[in-house]
Amino acid sequence: MKIAFVGKGGSGKTTLSSLFVRHLAAERVPVTAVDADINQHLGAALGLDDDRAAALTPMGGRLPLIKEYLRGENPRITSAESMIKTTPPGEGSRLLRLDEDNPVFGECAHTVELEDGVVRLLVTGPFTEADLGVACYHSKTGAVELCLNHLVDGRDEYVVVDMTAGSDSFASGMFTRFDMTFLVAEPTRKGVSVYRQYREYARDFGVALKVVGNKVQSAEDVEFLRSEAGEDLLAVFGHSDWVRTLERGRPRPFAELAESDRQVLRTLHATADASYARRDWTRYTQQMVHFHLKNAAGWGNAKTGVDLAAQVDPAFVLGEHLAQRQPA
């Protein structure tokens, strides 16, 4: 299952995504956490110290390896250099599975041991001084999108992605890559503004969206969120002493998280699990192709010197039926 956490900067989406990851790990659900935010804080939220978090291998820095591996023996892709972030898989492509060992995970994935579970963590990497004025951060998150395009995942395994803040998530087609998107919103006008944008942008693509209120202090806060989000409001978090100690660098055992907060996480888990019944791999593949063709016409053909529309395999549909098929 592919789950995204989005929201405006400072809403607490990284904190809530890390809590959800901890919940899954504690439930012994295989979980891969991905930090796709320009501010790389998910590792720290999962308890890594600053030195170890800074030493994580960035996916953005291993893009050539990722492209070469995923290209496999697909005859429609003439070289790894001609692949862009939206390149879809086709016959002969290598697909990613969460329960396997492969060069992508071997190079970029890091095991984070929690007191009551294990998490695999991938990071895009920070926006560095060398990137200033010459690079777009979405060139880094493109590694995540490319991997999601080639991922065959099942119901009882999770990828949880901490996305870029605000409407930046719509700078690519990655916002359509998820079974469920949890939008973290504070009970303020600014807090719900990203929800309105997301709701409008996502409507035409059938994106499953639920709002999780955060920093909620009163019934009035809940009523405000309900008036703005209606039935999309799924659950709310209030003040958490457990979170505060984590933010001070003094994490406590996850079992000490307040029961009310643990119930919210169970609600998120149940909601994400229920979204499996609505999976439509044909639509998923069509959306992948749609954004690839847009990117090809907009900038990809000019950048690569290749007609990227030719990379589309019209007979190919990604899906769990391909789980056992893999080129050598």
Side-chain angles (χ1 to χ4, degrees), residues 1 3-37 39-54 56 110-123 158-163 165 180-188 191 210-222 224-225 233-273:
M1 302 292 289
I3 310 300
F5 279 80
V6 301
K8 81 172 186 64
S11 63
K13 66 180 180 62
T14 297
T15 297
L16 292 188
S17 61
S18 70
L19 288 175
F20 187 59
V21 166
R22 287 174 180 270
H23 163 80
L24 293 173
E27 293 293 312
R28 300 297 187 265
V29 176
V31 56
T32 297
V34 182
D35 193 342
D37 194 356
N39 299 307
Q40 300 273 280
H41 295 316
L42 186 57
L46 291 172
L48 299 186
D49 61 36
D50 291 343
D51 289 341
R52 187 178 176 198
L56 298 176
H110 309 268
T111 299
V112 178
E113 296 185 0
L114 306 173
E115 71 273 7
D116 47 5
V118 176
V119 173
R120 175 196 283 151
L121 174 63
L122 298 106
V123 301
Y158 277 72
V159 175
V160 178
V161 182
D162 182 20
M163 295 278 280
M180 176 59 62
T181 296
F182 293 124
L183 189 145
V184 181
E186 300 167 81
T188 65
K210 289 294 182 181
V211 174
V212 182
N214 192 33
K215 305 179 185 179
V216 172
Q217 300 179 12
S218 66
E220 184 179 3
D221 285 346
V222 176
F224 174 80
L225 288 170
L233 181 62
L234 177 65
V236 298
F237 271 86
H239 171 78
S240 171
D241 291 333
W242 191 96
V243 170
R244 181 57 60 86
T245 59
L246 175 67
E247 291 172 342
R248 290 171 175 164
R250 301 171 183 174
R252 290 155 51 184
F254 184 65
E256 295 182 10
L257 184 70
E259 175 57 27
S260 58
D261 294 336
R262 297 176 71 90
Q263 181 55 50
V264 171
L265 297 174
R266 287 191 285 267
T267 297
L268 268 59
H269 190 180
T271 302
D273 180 72

Residue set satisfying side-chain hydrogen bond (donor to acceptor under 3.5 Å, both in side chains) with His269, at least two apart, ordered chain then number -> His23
Closest non-hydrogen contact found for Ala45 with Leu246 is O-CD2, 3.5 Å
What closest approach, in Å, do Val211 and Ala185 show between heavy atoms, and which atom pair accounts for it? CG1-CB, 4.0 Å
Qualifying residues under side-chain hydrogen bond (donor to acceptor under 3.5 Å, both in side chains), relative to Thr181, sequence neighbours excluded: none
Residue pairs meeting salt bridge (Lys or Arg N to Asp or Glu O under 4.0 Å), one or both in residues 21-34, sequence neighbours left out, come to none
Flag yes if more than 12 heavy atoms outside Gln263 fall under 6.0 Å of its CD atom; otherwise flag no. yes
Find out whether Leu56 and Asp35 are in side-chain contact, i.e. whether some heavy atom of one side chain is under 4.5 Å from a heavy atom of the other. no
By side-chain hydrogen bond (donor to acceptor under 3.5 Å, both in side chains), which residues pair with Thr32, not counting sequence neighbours? Arg120
Counterpart residues, salt bridge (charged side-chain N to carboxylate O under 4.0 Å, His left out), relative to Arg244 (two or more places apart): Glu247
Taking only residues two or more places apart in sequence or in another chain, which ones pass salt bridge (charged side-chain N to carboxylate O under 4.0 Å, His left out) with Asp241? none
List the atom of Leu233, the atom of Gly213, and the distance in Å for their closest heavy-atom pair. CD1-N, 4.0 Å
Can you sort out the partners of Val264 under side chain to side chain contact (heavy atoms under 4.5 Å, CB included), two or more places apart, ordered by chain and number? Ala235, Phe237, Leu268
Taken to the nearest 0.5 Å, the spacing of Ile3 CD1 from Met163 CE works out to 12.0 Å
Please list, chain by chain and in numerical order, all residues satisfying side chain to side chain contact (heavy atoms under 4.5 Å, CB included) with Lys215, sequence neighbours excluded. Glu186
Any residue meeting salt bridge (charged side-chain N to carboxylate O under 4.0 Å, His left out) with Lys210, in chain and number order, not counting sequence neighbours: none
Pairwise distance CG(Asp221) to OG1(Thr188) - rounded to 0.5 angstrom: 9.5 Å
Contacts of Asp273 that satisfy side-chain hydrogen bond (donor to acceptor under 3.5 Å, both in side chains) - sequence neighbours left out: Arg155
Check Val184, Leu265, Val243 against Leu16 for a side-chain contact (heavy atoms from CB on, under 4.5 Å) and give me the one that passes. Val184
Show me the side-chain donor-acceptor pairs of residues 252-261 shorter than 3.5 Å, one per line, residues at least two apart or across chains.
| unit_1 | atom_1 | unit_2 | atom_2 | d |
| --- | --- | --- | --- | --- |
| Arg252 | NE | Glu256 | OE1 | 3.1 |
| Glu259 | OE2 | Arg266 | NH2 | 2.2 |

For Ala33, give me all partners under side chain to side chain contact (heavy atoms under 4.5 Å, CB included), at least two apart in sequence or on another chain. Val21, Leu42, Leu46, Val119, Leu121
For the residue pair Tyr158 and Phe20, categorise the inter-ring angle as parallel (less than 30°), tilted (30 to 60°) or perpendicular (more than 60°). perpendicular
Counting heavy atoms not belonging to Asp49, are there more than 12 under 6.0 Å from its CG? yes
As an exercise, state the distance from OG1 of Thr14 to CG of Asp162, rounded to the nearest 0.5 Å. 3.5 Å
